[in-house]
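Worth knowing before you read on, the calculation uses all heavy atoms, side chains too, and leaves out hydrogens, waters and symmetry mates. Start at 1 with the first residue, then count along the sequence. Order of listing sets the numbers, starting from 1, for every ligand and every atom in it.
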Amino acid sequence: MIEAVELTKDFGDGIRAVDRVSFEIPPGQIFGLLGPNGAGKTTTINLFLDFIRPTAGKAVISGVEVAVEPRRAKRHVELIPENVALYPTLTAVQNVEFFSSLGRRRRVERERVRQALLRAGLAEEAFDRRVSGFSKGMRQKAGIAVSIVRQAPAVLLDEPTSGLDPKAAADLLVLLDGMREQGVAILICTHDIFRAQQLCDRVGIMRQGTMRTVLDRRALDAADLEQVYLDMMAYG
Ligand SMILES: Nc1ncnc2c1ncn2[C@@H]1O[C@H](COP(=O)(O)OP(=O)(O)OP(=O)(O)O)[C@@H](O)[C@H]1O
Ligand SMILES: [Mg+2]
């Protein structure tokens with residue numbers, strides 16, 4: 001479960017990046033967050049990872065308030081950033097092994113790593129290659145493999161399809177669908193209105209730090225999400 005309760009973040013100079021935002025993402029649901037540049041999407045994600053502390057309200061992962069017990073909360077959540085950071089001189093398998101083993105007493109077995117990479121959709125011939133030559137989509141697959149190995153019940157993705165080729169983006173959607181079926185709670189920030197409409201159980205539209213509207217599956221099926229978004233920007 002991913003939960004925002006009246007979540008608020010002020011930066012200096014009177015900037016309220018996130019303003020009393022509330023939502024709940026139960027296990028097995030995908031929540032999409034849309035909104036223009038500067039709407040507060042990435043800031044919202046950062047609050048769930050304890051990269052920054054809320055000014056008011058709370059971010060809760062699997063019942064654990066992030067700002068109160070950050071270490072415990074972080075055991076339940078994985079971030080897939082737009083650009084996945086990996087060690088360039090290590091292979092895909094070595095990277096996933098390393099990042100999946102962080103904070104654990106025992107090293108993760110090779111076989112589990114390979115299975116996760118396979119599920120993440122990396123071509124097997126790339127498993128033992130150094131990642132320095134990897135494309136953006138291949139790096140993302142390695143990042144996703146880490147969250148598969150770690151079996152995080154909550155996964156956060158920040159603009160996961162930006163810069164991916166259409167096939168890689170479609171693959172990612174299938175993968176996220178599978179994670180949802182396994183009961184993972186997923187939060188995706190994206191500018192990709194059409195994929196959000198296809199994939200998400202609910203979509204929220206943010207503007208200037210506030211959540212302007214949330215559409216559920218029925219509303220998504222009935223509405224032209226792009227038009228709703230554009231109206232929100234014009235009048236919301
Ligand atoms: N570390 C920071 N210090 C000061 N202001 C910040 C900081 N991080 C974000 N902001 C401000 O908070 C607001 C929200 O930014 P945020 O990055 O969350 O937007 P976003 O919705 O992710 O936008 P984009 O679609 O461009 O990624 C912006 O006004 C931004 O300038
Ligand atoms: Mg952002």
Side-chain angles (χ1 to χ4, degrees), residues 2-25 30-61 65-67 70 73-74 77-86 136-137 139-140 143-144 147 152 154-164 168-169 172-173 176 185-215 220 225-236:
I2 301 172
E3 223 180 325
V5 185
E6 297 280 307
L7 196 55
T8 302
K9 178 64 186 179
D10 292 340
F11 289 110
D13 304 331
I15 295 175
R16 177 154 286 193
V18 176
D19 191 2
R20 287 165 295 152
V21 165
S22 299
F23 55 79
E24 266 183 34
I25 314 171
I30 304 181
F31 188 90
L33 209 46
L34 297 177
N37 299 129
K41 303 181 298 297
T42 299
T43 305
T44 300
I45 281 196
N46 289 344
L47 287 162
F48 280 103
L49 295 160
D50 196 46
F51 292 164
I52 48 174
R53 289 279 159 101
T55 306
K58 49 189 182 175
V60 184
I61 299 276
E65 187 175 342
V66 178
K74 278 193 278 189
V77 63
E78 282 296 319
L79 170 70
I80 314 284
E82 190 190 335
N83 292 297
V84 175
L86 301 167
K136 185 171 184 174
R139 303 172 70 84
Q140 190 182 70
I144 288 169
S147 65
V155 172
L156 315 175
L157 299 103
D158 200 357
E159 305 198 19
T161 54
S162 103
L164 292 190
L172 177 67
L173 260 52
L176 292 176
I186 301 172
L187 172 65
I188 307 180
C189 298
T190 183
H191 294 297
D192 193 334
I193 292 182
F194 300 103
R195 290 216 171 78
Q197 181 156 25
Q198 247 184 302
L199 176 74
C200 297
D201 297 287
R202 279 176 304 144
V203 168
I205 301 178
M206 274 182 91
R207 188 183 173 197
Q208 292 174 343
T210 65
M211 189 75 86
R212 298 300 164 106
T213 187
V214 177
L215 294 93
L220 288 170
L225 184 57
E226 187 180 34
Q227 200 53 54
V228 173
Y229 180 94
L230 293 174
D231 289 347
M232 248 345 118
M233 296 309 117
Y235 316 111

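In this structure, atom 25 (O) of ligand 1 lies nearest to the protein heavy atom Lys41 NZ, 2.7 Å. The nearest protein atom to atom 17 (O) of ligand 1, hydrogens excluded, is given as Thr42 CB, 3.8 Å; this is a heavy-atom distance. Protein heavy atom in closest approach to atom 26 (O) of ligand 1: Asn37 ND2, 2.8 Å.
Residues Glu82 and Ser162 bring a donor and an acceptor atom of their side chains to less than 3.5 Å of each other. For the residue pair Asp19/Thr8, the side-chain donor-acceptor check at 3.5 Å is not satisfied.
Here is the list of ligand 1 atoms found below 4.0 Å of a heavy atom in Glu159: 25 (O), 27 (O). Close approach to Thr43 involves these atoms of ligand 1, each under 4.0 Å from a residue heavy atom: 9 (C), 14 (C), 15 (O), 16 (P), 18 (O). For ligand 1, the atoms sitting less than 4.0 Å from at least one non-hydrogen atom of Ala39 are 19 (O), 20 (P), 21 (O), numbered in the order shown with element in parentheses.
A donor-acceptor pair is defined here as one N or O able to donate and one able to accept, closer than 3.5 Å; no such pair exists between the side chain of Glu3 and the backbone of Phe23. Judged by distance alone, with hydrogens and angles left aside, the side-chain atoms of Arg202 form a donor-acceptor pair with the main-chain N or O of Glu24 at under 3.5 Å. Within the 3.5 Å criterion, the main-chain N or O of Glu6 finds a donor-acceptor partner in the side chain of Ser22. Remark: the backbone N or O of Gly35 is paired with a side-chain donor or acceptor of Lys41 at under 3.5 angstrom. Using modelled atom types, one side-chain atom of Asp201 and one backbone atom of Ile30 make a donor-acceptor pair closer than 3.5 Å.
Pairing each heavy atom of Ile80 with each of Val155, the nearest pair is CG1-CG1, 4.0 Å.
For a threshold of 3.5 Å applied to N or O pairs, the pair formed by Phe11 and ligand 1 contains no separation below that value. Residue Ala17 has no nitrogen or oxygen atom sitting less than 3.5 Å from a nitrogen or oxygen atom of ligand 1, judged on distance alone. Note: an N/O pair closer than 3.5 Å links Gly38 and ligand 1 by distance alone.
The one candidate from Thr43, Asp10, Thr210 that meets the side-chain hydrogen bond (donor to acceptor under 3.5 Å, both in side chains) condition with Arg16 is Asp10.
Protein non-hydrogen atoms do not reach within 4.0 Å of atom 30 (C) of ligand 1.
Residue contact annotation: His191 has a non-hydrogen atom under 4.0 Å from ligand 1. Under a 4.0 angstrom heavy-atom cut-off, Met206 registers as lying outside contact with ligand 1.
Coordination check, Thr42 versus the Mg ion (ligand 2): passed, since an N/O/S atom of the residue sits under 2.8 Å.
Here Cys189 has no heavy atoms under 4.0 Å from ligand 1, in either its backbone or its side chain.
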